[in-house]
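Working notes for the structure below.
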Protein chains: 2
Amino acid sequence: MPDSTNPQNPPTPPTPPTSADVARLAGVSRATVSYVLNNAEAVRISEPTRRKVRAAAEELGYVPHAAARSLRAGHTRIVLLPTSHVPAGPLYSAFLNELQWALRRLDYTVVQYGSLGLTGDEAVRAWAELRPVAVISLGEIALSAHNVDTLKRAGARAVITLGPDRVPGAHALVMDQAEVGARAAAHLVERGRHRIGVVVPEEEGLTLFSAPRLAGARATPGAEVTPLDLAYTEESAAALAARWDGLGLDGVFAYNDEYAVLLVRALLDAGLRVPEDVAVVGADDLLIGRLVRPRLSSVRIEMPSGERLAGWVDRAVRVPSAIAERYDLLGATAVPRDST
Amino acid sequence: MPDSTNPQNPPTPPTPPTSADVARLAGVSRATVSYVLNNAEAVRISEPTRRKVRAAAEELGYVPHAAARSLRAGHTRIVLLPTSHVPAGPLYSAFLNELQWALRRLDYTVVQYGSLGLTGDEAVRAWAELRPVAVISLGEIALSAHNVDTLKRAGARAVITLGPDRVPGAHALVMDQAEVGARAAAHLVERGRHRIGVVVPEEEGLTLFSAPRLAGARATPGAEVTPLDLAYTEESAAALAARWDGLGLDGVFAYNDEYAVLLVRALLDAGLRVPEDVAVVGADDLLIGRLVRPRLSSVRIEMPSGERLAGWVDRAVRVPSAIAERYDLLGATAVPRDST
DNA sequence: TTGAAAGCGGTACCAT
DNA sequence: ATGGTACCGCTTTCAA
C-alpha cells in the first residue's frame, strides 16, 4: 500500500510531544504552557495566548508526563491498592470498586498492584518505588513494622492495614472477621447446635479472612468447634461429606455462601438432610444463597461505603496525626433462612 | 507515653532518602551508587566500595524513585490494564491474575487502572500520562482510532483491544464472544428448540460481552431469537418468569451461568419445568452450574494461558511491526447437562 | 503578561 | 576504579 505523502513513513514519532514542543508550536515559553494548561490562578495570561497554547497542545496530542510532574512536585497522588491473587467474592470486589471510584473523586490515582508471587519485602520495595501517598493493604500480604517504615520513608503518608492486629505506625482498618464467625456460631447455638464444624478453605490467600472467622466461632459460648479443610471443588466436598458421619457434627459454618452451597450439595447427595441432620450457615449473604433449596442461612456483612473509607484515607493523608488510628468497619448480622 | 530518646520526635523524615544521600553516607559519588545498585557490567567497581554503598543504602532504607528513573530512561515498563467496574466472573479474574503474573515474570510492572466513571477520552488521557509501554484494554471502554493514536504518541508500543472489531493501529485480541452465543444457540437447536430467548444483562459494562453473544445467537441457523433484558436480582427474574407464557419460547441462552441459575430458579418457582417446558443453557461452565438441580448445561470458554498472552504482548512491545495484528484467543464448546 | 532558569532523582557518557 | 556533569519533562520562583 503506497503512501504518497511520506514514503519513509516512520510509523510512530520516536518521542511523545513535550510541553516544549507545545511552546514552540504556540510561539511561547514552556512556562506559559504550564500556566495555561494547569489554569494557574496566580498568573494572568491573555486570552489569545491561552487559545494558541490550547490549540497547539490539541494539535500535537500533548499529554503531560505524570512521572516528570510528580518528580517536580515532590509527591504523587497515587493510592496503592495491592491486589491479592484471591478470586475475590462479589461483595469484596464491589467494595473495592466503590472505594476506587470515591478515591478518584478526591483526585487520587488508584493503582492496583498485583503482588502475586512476591515476598512481602519484595512487594513493599516495588510499592515504595512508586512513591504512593497512601497504601491500603487489605490483601494477602501482612505488613511488618519494618515494611511500614520503608513505605513511610518512601513518602507514604498513610499505611492502612487490615485489622485487628495492629502494626506499629500503620493505620488499622478493623474489618473484624472474627465477628462474622462469632455471629455464625451464635446463630447455630441458638438453633440448638453445639458440635459445630467450621470450613477453612484450602485455597491460599484466604487465611487472612478464614483464620479470624474460625477464631471467632471458637470463642463463642456453647460452640464446640471442629475445623474442616475444604477446597472449592466437587471432589473435595464429596470427600468431606463421605466422612461426615464420623465427625459427629450437627452444625456447620461454611466460611461463606459459595462454600456453603458447595457443601450443602455434597451433603444432600450423601443422603443427609439439611437442616434436620446438619444445619449450615454461610456468610456474605450472596444472591446465590437465596436461589438454592433449602434457602441458605447466612451472615450479612455490612461494608462501609467506599466513600466513607475514602474520606478517612484522605484525612489520614492530609493530617496523619489528627486521625484515629483505627477505623471500625464491619457490622455482621445473622440472616436466618431454611438451612438452619 | 514519653520518648526519652527524642522528645521532639518528628514522626516522618520530611523527604525520602535519595541516591545522593546514599553517596554521601558511603563517601562516593552518585554515579558509583548507581553503578553498584544496578550491577552495571560496563564498569568495574571494587568490592569494598560495593559493600560500602550497599550498607549505606540498607541503612537509609533507600528505594529508587521509579518516576525519576523512567524519566531518565525515556520509557517505562508499565503495562496498563484498565479494569472495568464489572464484577468480573471467576473465570475472567483468574485469567487476569495469570496474565499479571506472567507479565511480571517478563519484568513488566502491571498497573490496573480503574476507569470507572470516566469517559473514553478522559480515561485514555489518564492512561497516557503514565506513559505505559503497552495497554491491554479488555474492559468496558471501547477505544477509537484517535484514542489509540493518543496512546501511541504517548509512547505505547502496543495497544491491545478486545475483538473482533478492528481498531486501526491497535492489536486485536480476538476473544470472539459471538462464538459463545453461536455455540449456545446451536446446542439449543440440536435439542429441538427454535424459539430462543437470549438474556441481555441490564447491568452496565457488560455490553461488550453481551452484544456479541446475542449477535452470535442471532446468526445461528434455525434459531429465532428474542432478547430478554434481565437484571441480576430476584425481582427482575420473577418479573420475567411471570410473563413467560406470553413469550412463546422453548429455549434460553442466559448470558452466563450466574444469570442462568437465577433465571432457572424463577422459572421453576413460576411452575415451569426445565428442560421440558424450556431448555436453559448458560456459559462459562462455573462450578455453581453443577451444584444446582437440574444441572445446568453451559458453554465452556477456553481462555488462553495468561503466559501465552503475556508472551505475545512482550513480542508486540519489542517488535511492534513483526507481530501478527490479531491473536485468536477463544474456543467455545457446549457442555450438555440436564437443563437442556 | 511572559520568559529564563533552577531543580526534582537517577543514569550514563566522558574524564581523570 | 571513580567522579563530574548533562539531561529526561515539568513546575515555579524571580526578573523583565
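Residue numbers start from 1 in every chain, and the chains themselves are labelled A, B, ... in the order their sequence lines are given, proteins ahead of strands.
- Side-chain nitrogen and oxygen atoms of B/T32 include at least one within less than 4.0 Å of the OP1 or OP2 phosphate oxygen of D/dG3.
- Distance, A/K52 NZ to C/dT2 P: 8 Å, rounded to whole Å.
- For B/E41, the CD atom counts as loosely surrounded, since its 6.0 Å shell holds 12 or fewer non-hydrogen atoms of other residues, nucleotides or ligands.
- A salt bridge links B/R24 with B/D21: the distance from a Lys NZ or Arg NE/NH1/NH2 to an Asp or Glu carboxylate oxygen falls below 4.0 Å.
- When the side-chain nitrogen and oxygen atoms of B/Y62 are compared with OP1 and OP2 of C/dG10, one or more of them lie within a distance under 4.0 Å.
- At a threshold of 4.0 angstrom between heavy atoms, the contacts of A/S70 with the nucleic acid are absent.
- Between B/H65 atom NE2 and D/dG9 atom P the separation is 17 Å, expressed in whole Å.
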Decide yes or no on side chain to side chain contact (heavy atoms under 4.5 Å, CB included) for A/I136 and A/L80, but give the supporting numbers first. CA-CA 6 Å; A/I136 308 182; A/L80 196 80; over 6 Å; no

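- Between A/R72 atom CZ and C/dG9 atom C1' there is a gap of 13 Å when expressed in whole angstrom units.
- Side chain of A/A68, nearest nucleotide from C/dT2, D/dC10, C/dG10: D/dC10.
- Evaluation of atom-type donor-acceptor distances gives a pair under 3.5 Å for the side chain of B/Y35 against the base of C/dC13.
- Residue B/L71 contributes atom CG, which lies 13 Å from atom C1' of D/dA6 at whole-angstrom precision.
- A/V33 comes within 4.0 angstrom of no nucleic acid atom, judged by non-hydrogen atoms across all strands.
- The nearest whole Å value for the distance from the CZ atom in B/R30 to the C1' atom in D/dG4 is 10 Å.
- Regarding A/L37, its CG atom lies at a distance of 13 Å from the C1' atom of D/dG9, rounded to whole Å.
- What separates CZ of A/R153 from P of C/dG9 is a distance of 16 Å, to the nearest Å.
- A salt bridge does not link B/R125 with B/D121: every distance from a Lys NZ or Arg NE/NH1/NH2 to an Asp or Glu carboxylate oxygen is 4.0 Å or more.
- Residue B/S46 places at least one side-chain N or O closer than 4.0 Å to OP1 or OP2 of D/dT2.
- Within the structure, every side-chain polar atom (N or O) of A/T18 is placed at least 4.0 Å from both OP1 and OP2 of D/dC8.
- Phosphate contact (OP1/OP2 of D/dT11, side-chain N/O of A/R69, threshold under 4.0 Å): present.
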Side chain to side chain contact (heavy atoms under 4.5 Å, CB included) between A/K152 and A/V159: does it pass, once the steps are laid out? CA-CA 8 Å; A/K152 290 256 170 125; A/V159 177; 4.2 Å; yes

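- Distance, A/R24 CZ to D/dG9 C1': 13 Å, rounded to whole Å.
- Contact check, B/S19 against C/dG10: a side-chain N or O comes under 4.0 Å of OP1 or OP2.
- Taking side-chain N and O atoms only, A/N38 has a distance below 4.0 Å to OP1 or OP2 of D/dT11.
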